[in-house]
Student: 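After the structure tokens below, expect a handful of questions from me.
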Amino acid sequence: MTIRIPEPRKYTLTLLLWWLAAAYSLALVLHPFFIGCGCSNVGPEHTCGIVQYYASIGSVLWILLLPAGLWLFRKRENMLLFLMILVMIPMVCAMALLFFPVITGALELFSLDSVAEFSAALMLAVPLVPYVGLLPLLGKTASEPTLYTLLVLYCLAVAAFAVYLYRKNKK
């Protein structure tokens with residue numbers, strides 16, 4: 001017995017499944033940090049294996065879903081622009097965090113304290129939360145600048161793909 005689904009419903013169902021997968025990947029990244037695992041460590045420096053496992057799965061899933069969402073939403077201009085912005089914000093934040101020591105060195109002229117520096121770094125790191133699970137996958141010797149560099153390159157590639165889809169759709 002085969003169930004026949006009309007083409008517009010298939011497209012709507014595919015988009016709904018993409019949204020559910022995106023929500024699931026972000027939940028995988030965030031839930032270990034909110035719920036915890038019973039030990040006292042919290043946050044991205046968490047050493048418990050299960051937290052790193054879930055965060056890594058969620059981050060990899062998010063990295064795969066973002067270009068897939070761009071391709072799925074290629075006919076909807078507003079959604080394509082929203083996803084393009086969703087790619088550009090982490091890219092700008094990762095670039096700012098890469099050059100943050102230079103920026104804070106310049107801000108020392110205004111004698112800002114370490115609380116202001118911490119607040120600025122925290123605000124720039126918030127859009128990078130979906131990618132926090134990638135750090136354990138890069139190895140024990142990987143550091144945040146390595147992650148930021150890879151994120152900038154990834155975001156540039158996805159943004160180029162988004163621009164290509166947008167221009168192709170406009171023709």
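Fair warning: this is a prediction, and the values are worked out from it, not measured in the lab.
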Student: Would you say Leu26 ends up clustered with Leu137 if hydrophobic residues are merged whenever their side chains have heavy atoms under 4.5 Å apart, either directly or through other cluster members?
Tutor: yes
Student: Partners of Ala159 by side-chain contact (heavy atoms from CB on, under 4.5 Å), sequence neighbours excluded?
Tutor: Val87, Met88
Student: Please go through Ile85's hydrophobic cluster and name the other residues, only I, L, V, M, F, W, Y counting, with side-chain heavy atoms under 4.5 Å joining them.
Tutor: Ile89
Student: Roughly how far, to the nearest 0.5 Å, is the NZ atom of Lys75 from the CG atom of Leu165?
Tutor: 10.0 Å
Student: Compare all side-chain heavy atoms of Leu86 with those of Leu83 and state whether any distance is below 4.5 angstrom.
Tutor: yes
Student: Can you confirm whether Tyr24 is buried at OH, in the sense that more than 12 heavy atoms of other residues, nucleotides or ligands lie under 6.0 Å from that atom?
Tutor: no
Student: Just jot down the side-chain contact (heavy atoms from CB on, under 4.5 Å) partners of Val92, sequence neighbours excluded, or say none.
Tutor: none
Student: Could you tell me which non-hydrogen atom of Arg74 sits nearest to which non-hydrogen atom of Asn169, and how far apart they are?
Tutor: O-ND2, 2.9 Å
Student: Could you pull out all donor-acceptor pairs under 3.5 Å where a side-chain atom in residues 58-70 meets a protein atom, sequence neighbours excluded?
Tutor:
{"residue": "Ser59", "atom": "OG", "partner": "Ala55", "partner atom": "O", "Å": "3.0"}
{"residue": "Ser59", "atom": "OG", "partner": "Pro130", "partner atom": "O", "Å": "2.8"}
{"residue": "Ser59", "atom": "OG", "partner": "Gly133", "partner atom": "N", "Å": "2.9"}
{"residue": "Trp62", "atom": "NE1", "partner": "Tyr131", "partner atom": "OH", "Å": "3.4"}

Student: State which residues pass side-chain contact (heavy atoms from CB on, under 4.5 Å) with Leu138; sequence neighbours excluded, sorted by chain then number.
Tutor: Leu135, Ala142, Thr146, Leu147, Leu150
Student: Of the non-hydrogen atoms in Cys155 and Pro90, which two are nearest, and what is the gap between them?
Tutor: SG-CB, 4.2 Å
Student: Going by side-chain contact (heavy atoms from CB on, under 4.5 Å), name the residues that satisfy it together with Met95, two or more places apart in sequence or in a different chain.
Tutor: Met91, Val152
Student: Tell me every residue that passes ring pair (Phe, Tyr, Trp, His ring centres under 6.0 Å) with Trp71, counting only those two or more places apart in sequence or in another chain.
Tutor: none
Student: Which pairs pass side chain to side chain donor-acceptor pair (under 3.5 Å) with one or both residues in residues 154-165, sequence neighbours excluded?
Tutor: none
Student: In Å and rounded to the nearest 0.5 Å, what is the CZ to CZ distance from Phe73 to Phe82?
Tutor: 9.5 Å
Student: Going from CG on Leu15 to CZ on Arg76, what distance comes out if it is rounded to the nearest 0.5 angstrom?
Tutor: 5.0 Å
